[in-house]
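Scroll down for the structure; my scribbles are underneath it.
We name chains A, B, ... by the order of the sequence lines, and we start the count at 1 in each one. Given the structure is predicted, the values throughout are model-derived calculations rather than measurements.
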Amino acid sequence: EDKVVQSPLSLVVHEGDTVTLNCSYEVTNFRSLLWYKQEKKAPTFLFMLTSSGIEKKSGRLSSILDKKELFSILNITATQTGDSAVYLCAVRNYGGATNKLIFGTGTLLAVQP
Amino acid sequence: EAQVTQNPRYLITVTGKKLTVTCSQNMNHEYMSWYRQDPGLGLRQIYYSMNVEVTDKGDVPEGYKVSRKEKRNFPLILESPSPNQTSLYFCASSTTGQYNYGYTFGSGTRLTVV
């Protein structure tokens, strides 16, 4: 069965800290891995990764994929209270419904002032 | 503005009373899907549609129905809601092309069945 596992489940840090969120997966016919940020509403897209070793970066957020070890990390540097959210990892594969995203349960990040 | 619109945002209903949650997108996306989100279980797919008149079950379809008569609309129907369908529901849409960047989500519908 395809699955996506995120760790840690939750994390509390102080403003200015750097955090690393983890996502491991076991899926057949891997196509891409996506990161989303979910505040008290719909998930919003952060990154899509398809190739190993190529870092995607947007401001203080960055992410990288390792297709050999089947995991991805999301880094947030110099955290701010506005980074507090649930971060979701999802994987898309080529089998069956080709647009289906398989989601992890998310990591709840709380950034304290 | 490109968006997915869900209604209602909040709904409290009683067991057995049929309800429909509407979803509409203005991006001409072929693919639409419904997910439910529950604590500790994450987002799980209920139904999806690859295009007009083409729908199929996701991972948790029991107790739900959908239809796709027009490309822009994909309503979720609960014929006889039960308390275990209390959840946060998201509609999502996307293109089906090679450079698909994932879903655009609606704002969510928080459903409580008592």
Item to check | Among the listed options L88(B), D59(B), D56(B), the residue most often paired with chain A at heavy-atom distances under 4.5 Å | outcome: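 With the most close heavy-atom pairs to chain A, the winner is D59(B).
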Under 4.5 Å from a heavy atom of chain A, the part of [X] involved:
X       : answer
Q6(B)   : neither
S107(B) : backbone
L41(B)  : backbone

Checklist entry - Is the Y103(B) ring parallel, tilted or perpendicular to the Y31(B) ring (thresholds 30°, 60°)? => result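 Rings of Y103(B) and Y31(B): parallel, as their planes differ by under 30°.
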Next on the checklist: Counting only heavy atoms not in E26(A) (residues, nucleotides, ligands), do more than 12 fall under 6.0 Å from its CD?
Outcome noted: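 It does not: E26(A) CD has 12 such atoms or fewer within range.
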Checklist entry - Taking it one step at a time, do F30(A) and Y25(A) satisfy ring-ring contact (aromatic ring centres under 6.0 Å, His included)? => result CA-CA 9 Å; F30(A) 173 89; Y25(A) 61 90; 4.8 Å; yes
Item to check | Residue E1(A) versus chain B: region with a heavy atom under 4.5 Å | outcome: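 Neither part.
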Checklist entry - Which bit of L9(A) is near chain B, if near means a heavy-atom gap under 4.5 Å: side chain, backbone, both or neither? => result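 Neither part; nothing is under 4.5 Å.
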Checklist entry - Is any side-chain N of the basic residue among K65(B) and E79(B) closer than 4.0 Å to the acidic one's carboxylate O? => result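 Looking at E79(B) together with K65(B), the answer is yes, because their closest N to O distance falls below 4.0 Å.
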Checklist entry - What is the distance from atom CD of Q45(B) to atom CD1 of I102(A), rounded to the nearest 0.5 Å? => result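 Reported to 0.5 Å precision, the distance equals 9.0 Å.
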